[in-house]
Amino acid sequence: MDPNSPDSENHDLLERLTPSQVEAVQHRDGPLLILAGPGSGKTRVVTHRIAFLLRQGVPAWQILALTFTNKAAEEMNLRLARLAPGESVWTGTFHRFCARMLRRHARLVGLEENFSIYDTSDSRKVLRAAIDDTDISLSHVTVDQIANEISNAKNNLVTSNQFVSRAGQTLGGVVEVAYPVYQKRMLQANAVDFDDLLLHLATMLRENPELRKAMDDRYRYIIVDEYQDTNFSQYAIVRALSRDHPNLAVTGDPDQSIYGWRGANLRNILDFEHDFPQVRVVRLEQNYRSTSNILRVADQLIAYNTQRKPKQLLTDNPPGNPVRLVRYPSSRDEAEHIVAQIADDIAHDRRRPRDFALFYRINSLSRALENAFRNAGVPYQIIKGLEFYQRKEIKDVLAYLHLINNPKSDMSLLRIINVPPRRIGKATIKRLDEYAQRYGVSLLDAAREAKTIKTLRKPAVVALHGFVEMFDALSPLATAPLHELMEQLLAESGYRNWLEESELEEDAERLANVEELLTDASEFDTQSPDDAPLEAFLEQAALVSDTDEWEVETNKVSLMTLHAAKGLEFPCVFIVAVEQGMLPHERSKEDPDQLEEERRLLFVGITRAEEELQISNAAYRFMRGNQEMAIPSPFLMELPREEMEVFEPKSSPHIDETWDDHTDDDDTYVQDIVDDDPEELGFDDPLMDEAIQHDIEQQQMTRPAAASVMTADQLLNNALDGDSEADERGAIPPEDFVEGMIVNDPERGLGRIVKLSGKEKKRTATVQFFTSPRLRHYVLAYSSLVPVQSADDT
DNA sequence: AAGTTGGAAGTTTTT
DNA sequence: CTTCCAACTT
């Protein structure tokens with residue numbers, strides 16, 4: 001319906017737009033507030049407006065478009081490329097923009113240009129270390145609570161110097177102590193957390209009027225998408241850049257504000273008219289996305305929120321099918337029936353996999369759904385599985401890169417100084433840290449001075465020296481192509497070898513992931529001929545999110561949280577587990593504001609659907625390894641039930657008349673019911689008994705014979721036997737080993753003893769195995785090493 | 001120093 | 001049911 005060919009779009013930007021859309025597109029100078037309901041063509045308006053500005057002669061570099069996610073920015077870029085080919089307008093997330101500005105003016109806030117961006121888990125570790133520096137007791141508050149409070153403070157532009165606790169607040173008192181220590185550690189490491197990116201830029205703009213003016217001048221036209229989700233520091237930044245040239249256009253929908261927990265301040269949008277009195281307000285209330293049935297359900301639900309400007313959702317779309325409300329007997333039924341429904345539609349060519357999306361409140365709900373999809377063989381993608389950049393091996397390699405880029409990054413050093421194992425243990429690190437703290441140097445510099453650290457033992461000094469040498473060999477490659485740097489790194493550090501040598505299945509997988517990162521690096525090399533590729537790569541890795549991984553093109557069913565669903569649309573949507581404690585979530589129920597946010601979350605989910613929508617819950621949900629009774633969400637009572645189709649399949653849905661479009665034979669769901677209880681479903685097939693008999697025989701054949709009939713006494717005896725055996729095995733007297741002797745290790749094979757040290761129980765052998773260049777150390781009194789051939793025999 | 005085993009704890013949403 | 005950490009073993 002929308003050809004979007006470059007020519008037709010360029011011919012007249014205002015063609016095929018409604019009057020209010022035209023009003024927003026044509027608005028040129030002065031503040032503009034676009035209140036856009038779901039599916040009202042908001043992105044279309046924004047991109048057309050940018051194209052319009054460009055057409056009017058505004059240079060591309062004077063326009064700044066800030067989005068909430070990288071994906072939204074990408075999409076905007078894509079559409080802009082069609083509307084205004086050859087022009088490049090900077091589009092990106094707030095965090096990316098801040099990082100960019102901060103690189104340029106890092107010194108103004110006490111950072112260096114090569115600062116590192118720590119993710120949540122890294123900054124959490126720094127906080128823990130900071131707390132250890134103080135005498136804070138964690139008996140009444142958790143690290144997470146403290147972190148949250150610091151984050152809140154930063155989002156409200158309260159710096160570590162300014163934070164003052166109100167009298168009598170336990171948490172506040174703790175934060176007052178921990179916040180400055182944490183911030184000092186971050187600065188020492190030349191690192192920032194996500195909140196710092198915003199806080200530092202806002203501070204910088206406030207304290208440097210000249211710079212603020214210059215940037216205000218540079219970015220004449222600013223567009224902010226999803227303005228309802230901005231927090232105070234983001235607001236301050238945008239405001240600071242729109243004083244001399246208040247050409248600020250924001251789009252948003254207060255009803256879709258779902259990031260209050262992250263400091264998003266609804267007042268930013270509700271008070272926009274107050275902050276910018278000259279503002280032009282454009283309302284986009286016509287919905288082009290959903291059927292009127294879907295829209296009515298959304299409309300009725302959101303009307304229950306009290307903190308809102310009343311607004312009607314309008315559409316000329318046909319009513320479509322009724323919205324389905326389903327209560328399943330169990331979460332398993334829910335998953336399997338939904339998948340069966342989808343499989344059926346695909347099998348009959350009514351839909352493609354990519355037409356479907358499943359939304360849930362919390363990530364852990366994805367597992368059950370995933371299993372159902374896998375069993376049915378329906379292709380699916382999860383937005384956020386175990387995210388790539390959170391995996392240990394990826395974080396390890398990135399830590400090496402971080403340290404090369406920013407040698408002060410102690411967090412990175414701690415992560416990799418003994419990975420792969422270099423015989424640098426807890427004790428050594430503790431002494432190193434003491435030295436570093438005392439002299440105010442980085443851990444790397446402390447390691448450099450290992451010789452002068454009195455508390456360190458010789459082997460530790462040698463090991464540390466080796467690490468520093470390795471690092472110094474790598475660091476000249478900091479400006480080399482990424483791929484080259486990483487290849488060297490993996491070789492020099494021994495990381496690749498370490499994984500290759502391991503026999504663990506897990507490590508083979510890790511190696512594959514590392515290779516994938518290497519591929520990313522090569523791609524990055526060819527795509528962005530940046531003058532600082534390392535820094536750019538690390539920044540990208542830090543600021544990617546899970547929704548960014550979503551593949552629009554592939555033909556798969558999408559599974560995601562309700563939060564991740566924002567900004568997307570699908571022909572068929574299933575929202576699952578709409579139950580008390582899940583949605584609204586347990587932790588939102590006391591606070592009425594949070595409860596309203598939960599309602600908005602469901603609203604966002606509902607309004608993603610174009611044609612079909614099913615909302616479901618289950619009577620029993622499998623959580624934490626056991627069945628738990630679930631109560632339907634109170635939100636369901638707020639929906640216009642008389643206009644919906646309400647199903648409550650009792651025990652086996654295929655008996656229920658309402659499920660007649662699912663025949664027994666193509667339905668994995670029914671198959672499982674059969675497994676559970678064949679009799680109840682009326683199976684009187686005489687072959688059944690035989691089949692069961694056969695199954696039992698099969699099981700008996702594959703089962704180890706005696707294991708199941710062992711008595712407790714026998715088990716105990718077995719355990720004792722095992723112990724004594726081990727004692728005897730280790731009883732080869734340590735004196736029997738000599739240097740040069742060939743030995744066998746049951747796991748690693750043959751090797752030669754190159755060195756012996758220590759006495760009696762502490763006598764250790766250094767063994768060079770034939771299969772690997774690495775030396776291994778054995779405490780002979782406990783080892784499973786067996787002499788194969790004495791040195792004399794050779 | 002490194003690996004292994006056991007127990008305890010914890011699971012909202014994300015840049 | 002996992003996943004993470006602490007104590008224990010080798």
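Chain naming here is simple, since letters A, B, ... match the order of the sequence lines and numbering starts at 1 in each. Every heavy atom of this structure was used, including side-chain atoms; hydrogens, water molecules and symmetry mates were not.
Residue-level contact check: A/D119 touches neither bases nor backbone, having no heavy atom under 4.0 Å from any strand. A/Y259 comes within contact range of the sugar-phosphate backbone alone, with a heavy-atom separation under 4.0 Å but no base atom that close.
With C1' as the reference atom, B/dT12 and C/dC5 are 23 Å apart, rounded to whole Å.
Atom CZ of A/R332 and atom P of C/dC1 are 14 Å apart (whole Å). Atom-to-atom, CZ of A/R96 to P of B/dT14 comes out at 18 Å; the value is rounded to the nearest Å. Atom pair A/R600:CZ and B/dT12:C1' shows a separation of 15 Å (rounding to whole Å applied). Atoms CD1 (A/I424) and C1' (B/dA2) sit 14 Å apart, rounded to a whole Å. Rounded to whole Å, the distance from CE on A/M560 to P on B/dT14 is 11 Å. Spacing between atom CD of A/E226 and atom C1' of B/dT15 amounts to 14 Å, rounded to whole angstrom units. Rounded to whole Å, the distance from CZ on A/R367 to P on C/dT3 is 6 Å. Summarising the geometry, the separation between NZ on A/K154 and P on B/dT14 is reported as 21 Å, rounded to the nearest angstrom.
Taking 4.0 Å as the cut-off between side-chain N and carboxylate O, A/R100 and A/E539 do not count as a salt-bridged pair. For A/D396 and A/R391, the salt-bridge test fails: no basic side-chain N is under 4.0 Å from an acidic carboxylate O. Using a 4.0 Å cut-off between charged nitrogen and carboxylate oxygen, A/E74 and A/K71 do not count as a salt-bridge pair. The pair A/D193-A/K154 meets the salt-bridge criterion, with a side-chain N (NZ, NE, NH1 or NH2) lying under 4.0 Å from an Asp/Glu carboxylate O.
For the pair A/F194 and B/dT14, the ring geometry does not qualify as stacking, because the centroid separation below 5.5 Å and plane angle under 30° are not jointly satisfied. Residue side chain A/H563 fails the stacking definition with respect to B/dT13, as its ring centre and the base's six-membered ring centre are not both under 5.5 angstrom apart and under 30 degrees in plane angle.
Remark: A/R423 is not in phosphate contact with B/dA1, judged by side-chain N or O atoms under 4.0 Å from OP1 or OP2. Applying the 4.0 Å criterion to OP1 and OP2 of B/dT13, one finds that A/N363 has a side-chain N or O inside that range. Distances shorter than 4.0 Å separate none of the side-chain N or O atoms of A/S364 from OP1 or OP2 on B/dT12. Distances shown here put every side-chain N or O of A/N155 at or beyond 4.0 Å from the OP1 or OP2 atom of B/dT15.
Sorted by first and then second residue, the pairs that involve residues 229-240 of chain A and meet salt bridge (charged side-chain N to carboxylate O under 4.0 Å, His left out), not counting sequence neighbours, are A/D229-A/K566.
Side chains of A/T230 and A/Y259: no donor on one and acceptor on the other come within 3.5 Å. Using a 3.5 Å distance cut-off with no hydrogens or angles, the side chains of A/S330 and A/D333 do pair a donor with an acceptor.
Within a 6.0 Å sphere centred on CZ of A/R374, heavy atoms belonging to other residues, nucleotides or ligands number more than 12.
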Once pairs are restricted to Watson-Crick or G-U wobble with both distances under 3.5 Å, how does DNA chain B read as a dot-bracket string, [ ] for crossings and | for other-strand pairs? ||||||||||.....
Taking N or O atoms only and anything under 3.5 Å, show me the protein contacts with nucleotides 4-8 of chain C, one pair per line.
none

